[in-house]
Amino acid sequence: MAAVAGAGAGGRWWRWGRAGPGAPSRGCGDAAGWGVRERSYWRALRRRVLGPPVPPFAAPCQAGAPVLRAAAAAVPPERLGGPELRELAAALAAGLRRWPCLGLSAPQLGVPLRVFAAELTPARCHRYPPELRRAHRIEPFPLRVLVNPALRVLDSRLVTGPEGCASLRGFSAFVPRHWAVHVSGVDEHGAPVSWEATGWAARIAQHELDHLDGILYVDRMDPRTFTNVAWQELLD
């Protein structure tokens with residue numbers, strides 16, 4: 001999918017393509033996507049009356065959505081700082097706090113543009129064990145919106161740590177990431193942004209930059225650490 005300049009549905013200037021025909025890319029069995037999708041009567045009626053949801057979606061797309069596996073397009077220069085971009089930034093910020101998560105990219109809300117938001121509040125920091133906070137330098141930082149971001153590695157040491165993703169709900173794994181990076185771009189108003197991120201902040205930035213290139217953390221994880229976070233509850 002690619003975004004193109006021009007007037008779009010609902011006044012937005014981005015458009016989306018649909019996945020072409022072909023077999024699903026998931027595993028075997030009806031539950032993996034081979035069967036016909038069924039909706040309840042009320043869900044079907046709601047869709048018929050209201051129509052399909054329009055990006056940016058209220059909930060993150062889940063793994064399997066083609067938009068998560070395509071490289072996002074840069075926001076055109078003439079659209080930087082525009083109202084549509086500010087609307088998208090507001091949707092990303094709201095999504096960060098609704099779910100909650102530490103970072104959220106535009107493709108996760110169905111918008112194939114190179115934009116992401118990240119935030120780590122003091123309250124969220126204190127939810128991590130003290131040992132993990134010290135080892136991974138988990139420190140708060142304010143809301144940051146990056147448009148057309150570019151990443152430069154400052155410290156190439158790879159540190160492995162746990163990651164989850166709003167687009168892979170219910171799972172986590174250990175992923176190696178560079179210890180320190182520099183991210184540059186502009187914000188939703190078109191003002192330059194320069195962010196030197198270390199430790200956990202660097203991990204978040206790299207995770208979100210990956211989303212903009214169609215990469216999920218499962219592509220980089222240690223596969224033996226892939227975990228259903230509710231596995232103990234499921235055994236009860």
Side-chain angles (χ1 to χ4, degrees), residues 1-19 52-63 65-120 141-154 165-167 178 181-197 201-217 219:
M1 299 180 187
V4 295
R12 294 187 176 92
W13 50 273
W14 52 74
R15 293 203 300 266
W16 295 266
R18 292 189 177 274
V54 177
F57 301 131
C61 299
Q62 294 302 295
V67 69
L68 295 177
R69 286 308 199 174
V75 176
E78 65 273 15
R79 300 295 182 176
L80 296 176
E84 299 94 344
L85 186 58
R86 295 197 299 272
E87 176 190 351
L88 175 58
L92 288 169
L96 275 178
R97 292 153 184 171
R98 183 184 303 121
W99 289 102
C101 46
L102 306 180
L104 195 63
S105 67
Q108 289 178 275
L109 298 188
V111 180
L113 295 175
R114 300 189 72 80
V115 184
F116 78 84
E119 181 182 44
L120 183 52
F141 60 84
L143 175 67
R144 298 180 185 272
V145 176
L146 274 296
V147 181
N148 296 344
L151 182 143
R152 179 167 55 90
V153 175
L154 299 178
C165 182
S167 292
H178 296 297
V181 298
H182 176 263
V183 186
S184 59
V186 299
D187 65 13
E188 69 271 33
H189 303 290
V193 175
S194 179
W195 182 19
E196 288 194 5
R203 177 173 298 278
I204 294 167
Q206 290 168 85
H207 181 113
E208 299 309 320
L209 262 294
D210 273 353
H211 273 301
L212 305 187
D213 292 325
I215 298 169
L216 301 177
Y217 79 81
D219 301 322

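- The two residues Ile204 and Ala118 come nearest to each other via the heavy atoms CG2-CB, 3.9 Å.
- Side-chain contact between Arg152 and Ser184 is absent, with no heavy atoms from C-beta onward closer than 4.5 Å.
- The distance from atom CG of Leu216 to atom CD of Gln108, rounded to the nearest 0.5 Å, is 8.5 Å.
- Between Ala166 and Cys101, the shortest heavy-atom contact is CB-SG, 4.4 Å.
- Salt-bridge annotation for Asp187 and Arg86: absent, with no side-chain N of the basic residue lying under 4.0 Å from a carboxylate O of the acidic one.
- Minimum heavy-atom separation, Leu113 to Ala74: CD2-O, 4.4 Å.
- Side-chain contact between Val181 and Leu209 is absent, with no heavy atoms from C-beta onward closer than 4.5 Å.
- Val115 and Val75 get closest at one heavy-atom pair: CG2-CG2, 3.8 Å.
- When every heavy atom of Pro60 is checked against every heavy atom of Leu104, the shortest pair comes out as CG-CD1, 4.3 Å.
- Scanning for side-chain hydrogen bond (donor to acceptor under 3.5 Å, both in side chains) contacts around Arg97 gives Glu119, with sequence neighbours left out.
- Looking at heavy atoms from C-beta onward, Phe116 lies out of side-chain contact with His211 at the 4.5 angstrom threshold.
- A donor-acceptor pair under 3.5 Å is absent between the side-chain atoms of Glu87 and the main chain of Pro83, judged by distance alone.
- With a 4.5 Å cut-off on side-chain heavy atoms, Val145 and His189 do not count as touching.
- Taken to the nearest 0.5 Å, the NE2 atom of His207 stands 10.5 Å off from the CG atom of Leu212.
- When all heavy atoms of Ala106 and Leu92 are compared, the pair lying nearest together is N-CD2, 3.8 Å.
- To the nearest 0.5 Å, the span separating CG on Leu151 from NE2 on His178 amounts to 8.0 Å.
- You'll find the side chain of Asp210 stays beyond 4.5 Å of the side chain of Asp219, heavy atoms only.
- No side-chain heavy atom of Arg79 sits less than 4.5 Å from a side-chain heavy atom of Leu85.
- Here the OG atom belonging to Ser105 is positioned 12.0 Å from the CG atom belonging to Leu146, to the nearest 0.5 angstrom.
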